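What follows is a short report on a single structure.
In this text the structure is predicted, and so the values were computed from the model without any measurement.
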Amino acid sequence: MKFITLAGLAVVGIEGVDGLTFAGGAIVSKEDITGVNITIGAIQSGKRISGLAFAGYRTKADCVEGVDLNVVTTQVQCARGIITGIYNRVYDSQRGLSIGIFNHADNLYGVQIGILNYAETTPQG
């Protein structure tokens, strides 16, 4: 799917979603999701989400790059840029800024702002 996409319930792009996308419930793809993506539900990619993403419930992907504004949770393998949510979980490396109540990253190369912040390993300096 490319360019401008509007959906009342969900946008499902098997081979990716690219452009300006608005969906009520979810934006889902097995491939990359790029551009500006806005939903009250979830944004989920089998690979990468890049650009500006706003999800009311959850963002889930292998990697998120850019700005991920989320209300409830972000669950990704790697993050590069800014992520927000009540609970932010980066299973591999986080590079950039994470803002939430509980931020958890395996490898942190950036800053976490929240009530509970946990980085399993951080580089020296």
Side-chain angles (χ1 to χ4, degrees):
M1 297 203 165
K2 292 186 183 248
F3 306 112
I4 299 173
T5 308
L6 303 170
L9 186 56
V11 171
V12 179
I14 301 298
E15 295 181 14
V17 176
D18 183 19
L20 179 60
T21 307
F22 297 95
I27 301 170
V28 180
S29 178
K30 289 182 177 180
E31 298 294 325
D32 292 347
I33 297 175
T34 61
V36 177
N37 299 282
I38 301 169
T39 181
I40 14 181
I43 299 176
Q44 184 167 333
S45 170
K47 293 192 178 178
R48 180 175 57 102
I49 298 172
S50 64
L52 173 64
F54 174 81
Y57 169 58
R58 176 181 76 184
T59 300
K60 188 172 185 179
D62 280 345
C63 194
V64 66
E65 298 174 349
V67 179
D68 173 41
L69 304 174
N70 206 307
V71 177
V72 179
T73 183
T74 298
Q75 298 172 1
V76 294
Q77 290 296 317
C78 68
R80 293 181 191 98
I82 300 170
I83 60 174
T84 67
I86 293 172
Y87 172 61
N88 299 309
R89 179 63 170 109
V90 181
Y91 293 98
D92 191 10
S93 65
Q94 175 194 334
R95 296 179 186 278
L97 176 64
S98 176
I99 302 170
I101 293 176
F102 180 35
N103 300 300
H104 183 182
D106 286 1
N107 300 295
L108 176 62
Y109 303 92
V111 177
Q112 295 176 331
I113 299 173
I115 295 173
L116 297 168
N117 300 305
Y118 181 67
E120 293 186 25
T121 59
T122 55
Q124 295 297 320

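Cluster annotation: V12 is not connected to L6 through the hydrophobic network of ILVMFWY side chains, with a link wherever side-chain heavy atoms come within less than 4.5 Å. I101 and Y118 fall within the same hydrophobic cluster, where Ile, Leu, Val, Met, Phe, Trp and Tyr residues are linked whenever their side-chain heavy atoms come under 4.5 Å apart, directly or through other members. Under the 4.5 Å side-chain contact rule for hydrophobic residues, V71 and I115 do not share a cluster. In this structure, I86 is not a member of the same hydrophobic cluster as V111, with clusters built from ILVMFWY side-chain heavy atoms closer than 4.5 Å. Linking Ile, Leu, Val, Met, Phe, Trp and Tyr residues whenever their side-chain heavy atoms come within less than 4.5 Å places L52 and I4 in a single cluster.
In this structure, N117 and G114 approach most closely via the heavy-atom pair ND2-O, 3.2 Å. Taking each heavy atom of A79 and V76 in turn, the nearest pair found is CB-CG2, 4.2 Å. Between A7 and V11, the shortest heavy-atom distance links the atoms CB-CG2, 3.6 Å. Here the closest non-hydrogen pair linking A55 and G41 is CB-O, 3.6 Å.
Panel note: side chain D32, backbone R48; a donor-acceptor pair is recorded below 3.5 Å. In this structure, the side chain of S29 engages the main chain of G13 through a donor-acceptor pair within 3.5 Å.
Side-chain contact between I49 and D68 is absent, with no heavy-atom pair separated by less than 4.5 Å. Looking at heavy atoms from C-beta onward, L108 lies out of side-chain contact with N103 at the 4.5 angstrom threshold. A heavy-atom distance below 4.5 Å is not found between the side chains of T84 and V67. Contact annotation: the side chain of I43 approaches that of I33 to within less than 4.5 Å [non-hydrogen atoms, C-beta and beyond].
To the nearest 0.5 angstrom, N88 atom CG is 9.0 Å from T59 atom OG1. Between I27 atom CD1 and F54 atom CZ the span is 11.0 Å, to the nearest 0.5 Å. Summarising the geometry, atom CG belonging to N70 is positioned 12.5 Å from atom CD1 belonging to I99; distances are rounded to the nearest 0.5 Å. For the atom pair CD (E120) and CG (N107), the distance works out to 8.0 Å, reported to the nearest 0.5 Å. Between the CG atom in L9 and the OG1 atom in T39 there is a gap of 9.0 Å [rounded to 0.5 Å]. Between the CD atom of Q112 and the CD1 atom of I83 there is a distance of 8.0 Å, given to the nearest 0.5 Å.
Crowding of Y57 atom OH: a count of heavy atoms from other residues, nucleotides or ligands under 6.0 Å not exceeding 12.
Within the structure, salt bridge (charged side-chain N to carboxylate O under 4.0 Å, His left out) pairs that include any residue of residues 102-116 comprise R89-D106 (at least two apart or interchain). Identified under the salt bridge (charged side-chain N to carboxylate O under 4.0 Å, His left out) test for residues 22-31, with sequence neighbours left out: E31-K47.
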Could you please spell out the steps behind the side chain to side chain contact (heavy atoms under 4.5 Å, CB included) verdict for R58 and T73? CA-CA 5 Å; R58 176 181 76 184; T73 183; 3.6 Å; yes

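When hydrophobic residues (I, L, V, M, F, W, Y) are linked wherever their side-chain heavy atoms come within less than 4.5 Å, I40 remains an isolated member.
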